[in-house]
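Everything on this sheet refers to the single structure shown next.
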Amino acid sequence: MNDNSERNLFGIEQLSLRSLIFGALGSCVITASSMYVALRMSALPWPTIFVAVLSMALLKIFGKTTNNEINITQTAMSAGSMVAGGLAFTLPGLWIMGIWKGSADFSVNFFKVLAVAIAGMLFGTVASYILRYRFIVNNGGLTYPIGLAAAETIKAGDHGGKKSIFLFGSMIVSAVYTFFRDQLALVPQVFAYKSTVIAWNSPMAVGMGYILGGLYTGVWFLGALFSNAFIIPFGPKLGLFADGAEAAAFKTSAGIGLMVGTGLGVLIGIVVSAVKKLLSQKGSSDNRIKADKRKIFSFGRILIILTTALAFVFTIAAGISVIPSILLIIGIFIVSVMAASITGQTGINPMEIFGIIVLLGIRIFVDIDATDALLIAGCVAVSSGFSGDLFNDYKAGQVLGTNPKAQLISQIVGGVFGTVVASLALFAIINQFGEVGMDTALPAGQAVGVTTMINGIGDPVVFGVAAGTGAILYLLGLPTATLGIGIYLPFYISSSVFLGGLIRFITGLVKGKSKEDTGTVAASGLLGGEGITGVGIAIVKMFTGA
């Protein structure tokens, strides 16, 4: 499949017209289904493996193709999914709080949502463009399990042989098992003991844990044990907290604080590296200085400035005033560092949490009402989700040798279609079911959480101490993002992920590196199978209204 069928659309190596057409059309379908599943299931699995398989099938039907063309196509197809997630995880709060009702003022409200989605997409594009070298090219320590699994899927489809048997075999098993679980209810969603949920019945979680490995999942699980096996049950009994609610607030503040601390640690590392670079350049020739000055006006920097300015215009068009919009830009670039790091370490992108962090940070400096707060959270969530999706695609591209410029163009094309479809789908689905929130047909759990946390993030002292600790531990080389995720997320998710990491650790000890690599291919299939079935069920339900 890697023969002479490379394309060069617009003079850009590996970019083809059909990859953009298939990617844009696929983005419309995947985005709409993602909005549906995010509102109805309060969850959104990465569609990356699903669209990788779909792109492979479509391109092979229409003639010769390459791994890189497949990767560029799936980059566009998945682009709108996280736009839908960012909107679905935040903006339903406007209906939950009664600020927006039904289809009243649809034209005005739709434009606000569309403007927020476009701004978030543009911010995410700029952030990923700036940070790609640090997190993909120059930071091999980050796993990006979703992107790695996508690359393994595409490679197995190309090479065939033993790897393809392991990958597609595990993918089929995972897909069928997920169908039995989610559609036929023949197997449970979770495993419980005496009314206590202990593990998520998810092939995807186990596969993700295997790819992450023993270190990351071990730290993740330690965080889960600390919060769920000590803080919550024993904290009140030991007199550390007044009641269970206070213990839960501590857990939330500590978990989010550690994640924020990871981002701060990354930013400190960037600043330190920049200072060292400047100091090392002292005494350079005048020609070198002139060359550096000319770089200021390079195409890339001009593109960053213009795209950021355009995104700023869209935030103003959404009704967010000037000062909060400026603070929003600063906040987005800060949490984009966090999103890139956390997605790379864990495969999870808590985009609504980033939205909460930025809107609360803005409220320190300026007063904003509930509408602006939710619009800001939505913009941040879309930006974090969009850039996280692109980082996964960049990771797949690094493995496959895909041109990042072609991927960036593909992501933007898919993102443009995705923003329009996601905005329309949000109103269409809420209008269809009539109401949104807990105890309705559209629970929108993340949006409910954002709404309840819109005026505070728990204990500010705990949050601050955790953030400082997280920054220090990150600078010491420890995976603090996974520790924070473990503290924050429910125990049943952490235990399933840890099981995969434990299997990887034992396999490495018993059978050596070669078997470990084969296991990574099979684990990629587990991710893909559940993702394919989940997205497939969502698409069917979306069109049937089930």
Nearest-0.5 Å distance, [atom1] of residue [X] to [atom2] of residue [Y]:
| X | Y | atom1 | atom2 | answer |
| --- | --- | --- | --- | --- |
| T451 | I96 | OG1 | CD1 | 4.5 Å |
| M77 | Q74 | CE | CD | 9.0 Å |
| Y129 | T307 | OH | OG1 | 9.5 Å |
| S336 | F391 | OG | CZ | 7.5 Å |
| T507 | F505 | OG1 | CZ | 10.5 Å |
| E352 | L91 | CD | CG | 12.5 Å |

If the condition is salt bridge (Lys or Arg N to Asp or Glu O under 4.0 Å), which residues does R181 pass it with, not counting sequence neighbours? E530

Please report the shortest heavy-atom distance between [X] and [Y], naming the atom on each side.
| X | Y | answer |
| --- | --- | --- |
| L374 | T90 | CD2-O, 3.7 Å |
| F312 | S325 | CE1-CB, 3.5 Å |
| D393 | N71 | O-ND2, 3.9 Å |
| A481 | M259 | O-CG, 4.3 Å |
| E246 | L240 | OE2-O, 4.1 Å |
| I70 | A52 | CG2-O, 3.8 Å |

Under 3.5 Å: donor-acceptor pair, side chain of [X], backbone of [Y]:
| X | Y | result |
| --- | --- | --- |
| S496 | W200 | yes |
| T533 | G529 | yes |
| S383 | C379 | no |
| S410 | A406 | no |
| S387 | S384 | yes |
| T419 | V416 | yes |
| S174 | L526 | yes |
| R363 | I368 | yes |

Answer yes or no: is there a side-chain heavy-atom contact under 4.5 Å between [X] and [Y]?
| X | Y | answer |
| --- | --- | --- |
| F463 | V260 | yes |
| I256 | Y488 | yes |
| I329 | T308 | yes |
| Y216 | I485 | no |
| L475 | V272 | no |
| T217 | M208 | no |
| Y394 | F135 | no |
| L390 | L408 | yes |

Between V337 and R134, does a side-chain contact (heavy atoms from CB on, under 4.5 Å) hold up when you go through it step by step? CA-CA 10 Å; V337 174; R134 180 176 183 85; over 6 Å; no

Can you establish whether the number of heavy atoms outside F241 located under 6.0 Å from its atom CZ is more than 12? yes

Just by distance, with hydrogens left out, do T48 and N392 show a side-chain donor and acceptor under 3.5 Å apart? no

Examine the side chains of T262 and T480 and answer whether a donor and an acceptor come within less than 3.5 Å of each other. yes

Please step through side-chain contact (heavy atoms from CB on, under 4.5 Å) for the pair L499 and S495, ending with a clear verdict. CA-CA 6 Å; L499 176 61; S495 61; over 6 Å; no

Please assess T196 against F491 for the test side-chain contact (heavy atoms from CB on, under 4.5 Å), listing each intermediate value before the final yes or no. CA-CA 10 Å; T196 300; F491 180 80; over 6 Å; no

What do the steps show when you test V53 against T153 for side-chain contact (heavy atoms from CB on, under 4.5 Å), and what is the final call? CA-CA 7 Å; V53 174; T153 301; 3.8 Å; yes

Side chains of residues 220-227: which donor-acceptor partners sit under 3.5 Å, not counting sequence neighbours?
| residue | atom | partner | partner atom | Å |
| --- | --- | --- | --- | --- |
| W220 | NE1 | S494 | OG | 3.0 |
| S227 | OG | G223 | O | 3.2 |
| S227 | OG | A224 | O | 3.3 |
| S227 | OG | I487 | O | 3.2 |

Among all residues two or more places apart in sequence or in another chain, which pass the side-chain hydrogen bond (donor to acceptor under 3.5 Å, both in side chains) test with T343? none

